[in-house]
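Numbering starts at 1 and runs along the sequence shown. Keep in mind the model is a prediction, meaning the values are calculated, not measured. Just so it is clear, the values below take in all heavy atoms, side chains as well, and ignore hydrogens, waters and symmetry mates.
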Amino acid sequence: MLRSLTEPEGYRLSALDGEIGHCSDFLFDDRKWTVRYMVADTGGWLSGRKVLVSPEFLDSPEWETRHFPVRLERNQIEDSPPLDSNAPVSRRYERAYHDFFSAPYYWVGTGLWGQNPYPGMIASQQLGPAPREDPDLNPEATHLRSVREVTRYSVVDTKGNKAGQVKDFVFDDADWSLRYFVVDTSWLPFSKEVLVPTDQIDDVDWVDRTIRVSVTEDQIGDAPEYDSRAPVNEAQETVLYDYYGRPRGRPLNRD
């Protein structure tokens, strides 16, 4: 199902043996536009320490009760590699994180999640010889970006016109890919929120905080209005792909 990614912010998180805090942010991969971690604020439990939780350890959120179950025990979270909140999450840290949980590296393999299309399949997979990691990969490199930060970026069209501002992302809760971003067009004559597929992104300037897209300001302004109160269904997605003249994306998860 396709849902708002900022909606779970503030949801309470419970491990297998007790509460662990609340969801405060998400980190996504800026090359494959896929959420790689939830950022959990542990509050008073770990003196406000923030920890990362991979989607492979998350059960489906309980939207009505604003609750996110985590398939880990409190001691596993407490003993996981400490996160420096003032530094970007490097590949070196990610290796240490996945090694701690004896989890495969998501960046090694042909699937969106290593050798798997979905993070939920990792725990049940039959482990064989792991694909070799690129030896030239910079251990200090990072391709992870904060959703909370990017939701304030400006959207620039093909002609260089400012067409709106990023307000949210819509993600697939099966594979955690970012399928759309929500554009707030509040300075246009008829303001509204619309969805633009992430495959329409041409470039991101992380310094100037802008996202350049391959559609025009008029196309964004005339796009179907997005209602953030409801998940995106298959009929709406068909309308969006027809509107932007793009081939259909991956089929929706019907579970």
Side-chain angles (χ1 to χ4, degrees), residues 2-9 11 13 20-42 49-61 68-72 76-77 80-85 87-123 125 130-131 133-134 137-151 153 166 168-181 198-199 201 204 206 211 250 253:
L2 304 185
R3 290 188 176 271
S4 160
L5 188 56
T6 60
E7 164 64 25
E9 289 187 13
Y11 279 26
L13 305 174
I20 58 173
H22 67 273
C23 169
S24 66
D25 197 0
F26 292 94
L27 301 181
F28 70 91
D29 183 335
D30 65 11
R31 295 173 299 177
K32 294 193 175 182
W33 292 90
T34 300
V35 174
R36 298 303 185 186
Y37 303 98
M38 171 194 285
V39 182
D41 188 333
T42 59
R49 172 184 159 194
K50 292 186 177 181
V51 298
L52 300 185
V53 181
S54 169
E56 65 192 273
F57 304 126
L58 293 172
D59 279 330
S60 298
F68 230 132
V70 179
R71 295 192 306 272
L72 293 171
Q76 290 178 291
I77 295 169
S80 63
L83 178 66
D84 183 351
S85 60
V89 178
S90 68
R91 186 50 50 85
R92 184 188 302 277
Y93 175 87
E94 288 193 275
R95 288 197 193 106
Y97 178 93
H98 286 78
D99 289 347
F100 175 80
F101 290 108
S102 299
Y105 300 154
Y106 69 79
W107 58 91
V108 179
T110 58
L112 194 60
W113 291 89
Q115 300 183 72
N116 300 279
Y118 305 108
M121 296 175 65
I122 292 176
Q125 74 178 40
E133 186 176 11
D134 183 355
L137 197 65
N138 181 0
E140 304 308 325
T142 180
H143 289 280
L144 299 178
R145 308 286 177 175
S146 161
V147 166
R148 177 170 287 187
E149 175 190 346
V150 177
T151 50
Y153 279 26
V166 179
D168 194 358
F169 287 92
V170 171
F171 79 108
D172 184 327
D173 63 5
D175 65 12
W176 287 77
S177 61
L178 301 181
R179 299 277 284 273
Y180 302 92
F181 61 103
T198 52
D199 64 6
I201 295 175
V204 181
W206 305 107
I211 293 180
R250 294 179 300 279
N253 175 35

Could you give the distance from [atom1] ([X]) to [atom2] ([Y]), rounded to the nearest 0.5 Å?
X	Y	atom1	atom2	value
L5	F181	CG	CZ	14.0 Å
H22	L13	NE2	CG	8.0 Å
R145	R31	CZ	CZ	10.5 Å
D172	L178	CG	CG	10.0 Å
E56	L72	CD	CG	8.5 Å

Does a side-chain heavy-atom distance below 4.5 Å link [X] with [Y]?
X	Y	answer
F101	Q76	yes
L112	P117	no
Y93	D84	no
L83	V51	no
V53	L58	yes
H143	W107	no
L27	S146	yes
M38	F68	yes

Would R3 and F171 count as a side-chain contact (heavy atoms from CB on, under 4.5 Å) if you check the C-alpha gap in whole Å, the side-chain angles of each, and the deciding distance to 0.1 Å?
-> CA-CA 6 Å; R3 290 188 176 271; F171 79 108; 4.2 Å; yes

If only atom types and distance count, is the side chain of [X] paired as donor or acceptor with the main-chain N or O of [Y] below 3.5 Å?
X	Y	answer
Y106	P119	no
N116	Y118	no
D25	R148	yes

Minimum heavy-atom distance [X]-[Y], with the two atoms named:
X	Y	answer
F26	V35	CD2-CG1, 3.8 Å
T142	S90	CB-CA, 4.3 Å
P69	P61	CD-CA, 4.4 Å
E9	S24	CD-O, 4.0 Å
I211	V150	CD1-CG1, 4.1 Å

Partners of R49 by salt bridge (charged side-chain N to carboxylate O under 4.0 Å, His left out), sequence neighbours excluded?
-> none

Once the angle between the rings of Y97 and Y37 is folded into 0 to 90°, is it parallel (under 30°), tilted (30 to 60°) or perpendicular (over 60°)?
->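 Answer is perpendicular, since the angle exceeds 60°.
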
Parallel, tilted or perpendicular: which fits the ring planes of Y105 and H98, with parallel below 30° and perpendicular above 60°?
-> perpendicular

Report the residues that fulfil ring-ring contact (aromatic ring centres under 6.0 Å, His included) with F28, sequence neighbours left out, ordered by chain and then residue number.
->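 For F28, the residues satisfying ring-ring contact (aromatic ring centres under 6.0 Å, His included) (neighbours in sequence not counted) are W33, F169.
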
Identify which one of L144, V89, I77 satisfies the side chain to side chain contact (heavy atoms under 4.5 Å, CB included) criterion when paired with L52.
->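 That would be V89.
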
Does NZ belonging to K32 count more than 12 external heavy atoms closer than 6.0 Å?
->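 Atom NZ in K32 is packed in, count exceeds 12.
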
